[in-house]
Amino acid sequence: MIPLAVPNLTGNEKEYLNKCIDTTFVSSVGEFVNRMEEMTAEKCGAMYGVATSSGTTGLHLALMGCGVEHGDIVIIPTFTFIATANAVVHCGAAPWLMDIEEDSWTINVRQIKKELEEKTIWQGSRLIHKETGKHVAAIMPVYTLGNIPDMDEIKDIANLYHLPLIADAAAAIGSTYKGKKIGLLADLTVISFNGNKTITAGGGGMIVGNDEVLMKKLKHLSTTARVTVEYDHDMVGFNYRLTNIQAAVGCAQLERAEEFIKKKKEIREFYNNAFKGLYGVELFPIPREVNSSCWFSGIVLKDGNLDRVRNLCKELHNRGIESRSFWKPVHMQEPYKMALTADTLDVAANLWERIVTLPCSTNITVKELEYVAECVKGILEL
Ligand SMILES: *Cc1c(COP(=O)(O)O)cnc(C)c1O
């Protein structure tokens, strides 16, 4: 079986894990946690990193750190992994769902502008969503598969409306926008090290940023807000710590980040070349001005729906190839059926059930890629 996306653990992972056990530093204190924070911040071009137990808890903490409170609303794209929306709700807030742009699969910037113009009003220094009376508290774009939206324009909107910018960059480590690393594009940027991401720690996350005071506060909140070793805590904190065991894997992975990201880009290039110009198939997009980390790759069926995708996946499975559909938009998910949305979400609604993700592990061989492409073409009669 050629898997969809499996971790590549052939570097220093084993040695570093043994070090954790030999030194008994298996928990949330240890050299690897510190090293991983430094390495991730450096890779993202940011000053500081705060490790978290997952990308989701990192997003939750980042939103709170930027002042998102109970009863607020936060602008996010509907086309994302559900964790983006969940993190908003974990703050007691609600998502305001926007559509995406066809050529990047990232949040529609013009729509954010239009929705804010038409549907909000200033009450003193508070930006209020007219229909619900709720306070609009932040914008959280998603760097879909490593694709970055036009952050210069989003930053202009955020400045105009005094909204903090938090980036869900879960799988975007290694991406750049206009030559800038991701740690420089938003107030806070959140990475995931989940098992299916390009760089994994088994599980885990990281907030990167440049505001020293805020980053210290986030570290404090993530580690139970402990002031002294005598069980003294000054806030209601969280146990969102990453363990040294996870960070040991993470550090070994980060040592190979360039190699992994290069391979992910080669896989994208392979599939896009293999399916370019074929009738009935569209390619995964890479927007202008963005050098994408190309987390996942695959194809988009020009016509059809989830049944066609399922059928293709079944046929591929019969040929020893694992493949899968991709994110079902947030507004179609049971817990978010009543969520606040922009006037139209057509692009996301029409796109999601035509996407097929194809094998893209960093250890996949050219022979395997050729076999996958050949099978897909055979099944679809391209
Ligand atoms: C993976 C992912 C997350 C969640 O990260 P976890 O570490 O699994 O909690 C959030 N948002 C996006 C866009 C993701 O791809």
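These numbers were taken from a predicted model, which means no experiment stands behind them. Atoms within a ligand are numbered from 1 in the order they appear, just like the ligands themselves.
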| said: Ring-plane angle category for W96 and H129, please: parallel below 30°, perpendicular beyond 60°, tilted otherwise. | reply: perpendicular
| request: On the 0 to 90° scale, with breaks at 30° and 60°, tag the F79-F326 ring pair as parallel, tilted or perpendicular. | output: perpendicular
May I ask you to identify the nearest protein heavy atom to [atom], giving residue, atom name and distance to one decimal place in Å?
atom                    : answer
atom 5 (O) of ligand 1  : S192 OG, 3.2 Å
atom 10 (C) of ligand 1 : D168 OD2, 3.6 Å
atom 14 (C) of ligand 1 : A170 CB, 3.2 Å

Find all atoms of ligand 1 within a distance of less than 4.0 Å from any non-hydrogen atom belonging to [X], and give their numbers and elements.
X    : result
N194 : 7 (O), 8 (O)
W295 : 15 (O)
T84  : 11 (N)
G55  : 5 (O), 6 (P), 7 (O), 9 (O)
T56  : 4 (C), 5 (O), 6 (P), 9 (O)
V142 : 13 (C)

| Pick from M140, K197, M206: the one approaching atom 15 (O) of ligand 1 most closely through a non-hydrogen atom | K197
Please determine if [X] and [Y] form a salt bridge, counting it only when a charged side-chain N lies under 4.0 Å from a carboxylate O.
X    : Y    : answer
R308 : E353 : no
E322 : R324 : yes
E118 : K130 : no
E269 : K265 : no

[X] [atom1]: over 12 foreign heavy atoms closer than 6.0 Å:
X    : atom1 : answer
M338 : CE    : no
K262 : NZ    : no
K178 : NZ    : yes

If we set the cut-off at 4.0 Å for heavy atoms, which region of [X] has an atom near ligand 1: side chain, backbone, both, or neither?
X    : result
N196 : neither
A83  : side chain
T80  : side chain
W327 : side chain

| ligand 1 contacted by Y143 (non-hydrogen, < 4.0 Å) | no
| task | Run the contact test for G204 against ligand 1 with a 4.0 Å cut-off on heavy atoms, strictly below, and give the result. | result | yes
| Are Y16 and F32 close enough that their ring centers fall under 6.0 Å? | yes
